[in-house]
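The block underneath contains the structure these notes are about, expressed in structure tokens.
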Amino acid sequence: MHVDLTGRTALVTGSTQGIGAAIATALARSGATVAVNGRTSDGVTAAVKRLRAEVPDAEVVPVAADVATEEGARLAVELLPEVDVLVNNLGVFESRPALEITDAEWRRYFEVNVLAAVRLTRAYLPGMTGRDWGRVQYIASDSAVVTPVEMIHYGMSKTALLAVSRGFAKEAAGTGVTVNSVITGPTRTGGVEDFVYELVDRDLEWEEAQRVFMREHRPQSLLQRLIEPEEIAHMVVYLSSPQASATTGGAVRVDGGYVDAILP
Ligand SMILES: NC(=O)c1ccc[n+]([C@@H]2O[C@H](COP(=O)([O-])OP(=O)(O)OC[C@H]3O[C@@H](n4cnc5c(N)ncnc54)[C@H](OP(=O)(O)O)[C@@H]3O)[C@@H](O)[C@H]2O)c1
């Protein structure tokens, strides 16, 4: 299958590193003009440079804006008024004892992980339905369906994203716009490396730390290794493609078999 996104513009939120950066690179490889987003100009400029080094002929638009705030979202839409593919990748996570999560943290997780995606969907969906083509995606998590006791606030935000995704898919019913979420499993990013070392002995070498983490904290994973960011990006590129036109309102898993369920 050859995915050609030439002529399409994609915004990937939180794409200066990790899964977002891998998605931005993969979309650029498929010919899309890609907007790279992060909170600071320096961070975005460095990420754009790295992307151009990997995909020399990439069309890249820098969007330095904190999309978790109202003004930041407004700025992003000013910089990029029209988008064909919106990948709501931005998300924060941190382990926290269940009974110690404060009101402020519950609110922050809702604001950053859910409301930022809702705002951008509200801003871009009408243009997509008006042009009768578009792709909206939410990067959810295995934590959306298997609530982790060490980060209930994060699980809550990802479960909410599944509902948001299904709801906006209904809003776009009967148009050429599809809306889906991607249930991402434990993936090797800088943030996850830190997270692993919060839970296992800091003196362990990375390979051993990863093995211990998977065995003790993610034993349900059928992959028994962390997923590479590029493996998530492949699914996002497929869902962004014209070929994925009949997949909407769904939650698609790239979780290494972590979620013990037969249905997606
Ligand atoms: N890694 C995993 O194992 C895993 C598993 C399941 C789901 N996920 C989900 O996958 C997504 C990406 O995770 P990741 O591990 O790749 O994250 P990450 O490495 O921590 O990267 C987060 C990105 O978001 C940006 N960012 C943070 N706050 C922002 C804001 N307010 N506005 C704009 N950009 C912001 C950061 O850029 P700046 O610092 O430059 O602003 C960075 O590019 C998240 O939704 C996460 O929940 C991850």
Side-chain angles (χ1 to χ4, degrees), residues 11-26 35-51 62-76 79-80 87-95 108-117 119-120 137-148 151 153-162 164-165 181-196 198-199 210 213-214 217-218 221 223 225-233 235-236 251-256 258-259:
L11 168 60
V12 185
T13 64
S15 48
T16 59
Q17 62 175 42
I19 294 170
I23 293 171
T25 303
V36 171
N37 166 244
R39 287 163 294 186
T40 65
S41 304
D42 285 357
V44 171
T45 304
V48 168
K49 209 170 150 195
R50 282 192 297 272
L51 196 158
V63 176
D66 181 346
V67 298
T69 66
E70 254 182 280
E71 319 86 82
R74 212 174 300 125
L75 174 62
L79 292 169
L80 197 71
V87 183
N88 292 293
N89 165 77
L90 166 62
V92 291
F93 49 94
E94 202 176 2
S95 60
R108 184 167 89 87
Y109 271 74
F110 179 74
E111 292 264 344
V112 178
N113 290 5
V114 185
L115 197 51
R119 275 198 201 102
L120 291 176
Q137 294 173 55
Y138 302 88
I139 304 303
S141 164
D142 52 80
S143 301
V145 276
V146 184
T147 309
M151 41 182 188
H153 52 343
Y154 175 69
M156 170 282 298
S157 71
K158 293 296 176 178
T159 309
L161 273 187
L162 300 187
V164 164
S165 173
S181 45
V182 178
I183 295 183
T184 301
T187 305
R188 191 163 68 97
T189 60
V192 162
E193 289 185 17
D194 295 343
F195 178 70
V196 165
E198 281 172 28
L199 296 174
Q210 176 182 181
F213 171 75
M214 294 307 289
H217 297 279
R218 299 291 182 270
S221 165
L223 215 53
R225 64 164 171 83
L226 290 171
I227 298 163
E228 294 298 323
E230 293 71 25
E231 294 177 285
I232 311 294
M235 176 62 83
V236 172
V252 177
R253 284 163 52 188
V254 190
D255 67 342
Y258 179 80
V259 177

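No hydrogens, no waters, no symmetry mates; every other heavy atom, side chains included, goes into these values. The residues of the chain are indexed from 1 along the displayed sequence. Start at 1 and go down the list; that is how both ligands and their atoms are numbered. A quick note: this is a predicted structure, and the numbers were derived from the prediction, not measured.
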Query raised in the report: Would you call Val254 and Val236 a side-chain contact if the rule is heavy atoms closer than 4.5 Å?
Result: no
Query raised in the report: Donor-acceptor pair, Thr16 side chain versus Val44 backbone, under 3.5 Å?
Result: no
Report summary line: Sorted by chain and residue number, the residues with a non-hydrogen atom under 4.0 Å of ligand 1 are Gly14, Ser15, Thr16, Gln17, Gly18, Ile19, Asn37, Gly38, Arg39, Ala65, Asp66, Val67, Ala68, Asn89, Leu90, Gly91, Phe93, Ile139, Ala140, Ser141, Tyr154, Lys158, Thr184, Gly185, Pro186, Thr187, Thr189, Val192
**Report entry** Donor-acceptor pair, side chain of Lys158 and main chain of Thr147, under 3.5 angstrom
**Finding:** no
Requested in this report: Fit a plane to each ring of Tyr154 and Tyr109, take the angle between them on a 0 to 90° scale, and name the class: parallel (under 30°), tilted (30 to 60°) or perpendicular (over 60°).
Outcome: perpendicular
Query - Side chains of Ser181 and Leu161 in contact at under 4.5 Å (non-hydrogen atoms) - result: no
Query raised in the report: Is a side-chain N or O of Ser15 found less than 3.5 angstrom from the main chain of Ala21, in a donor-acceptor match?
Result: no
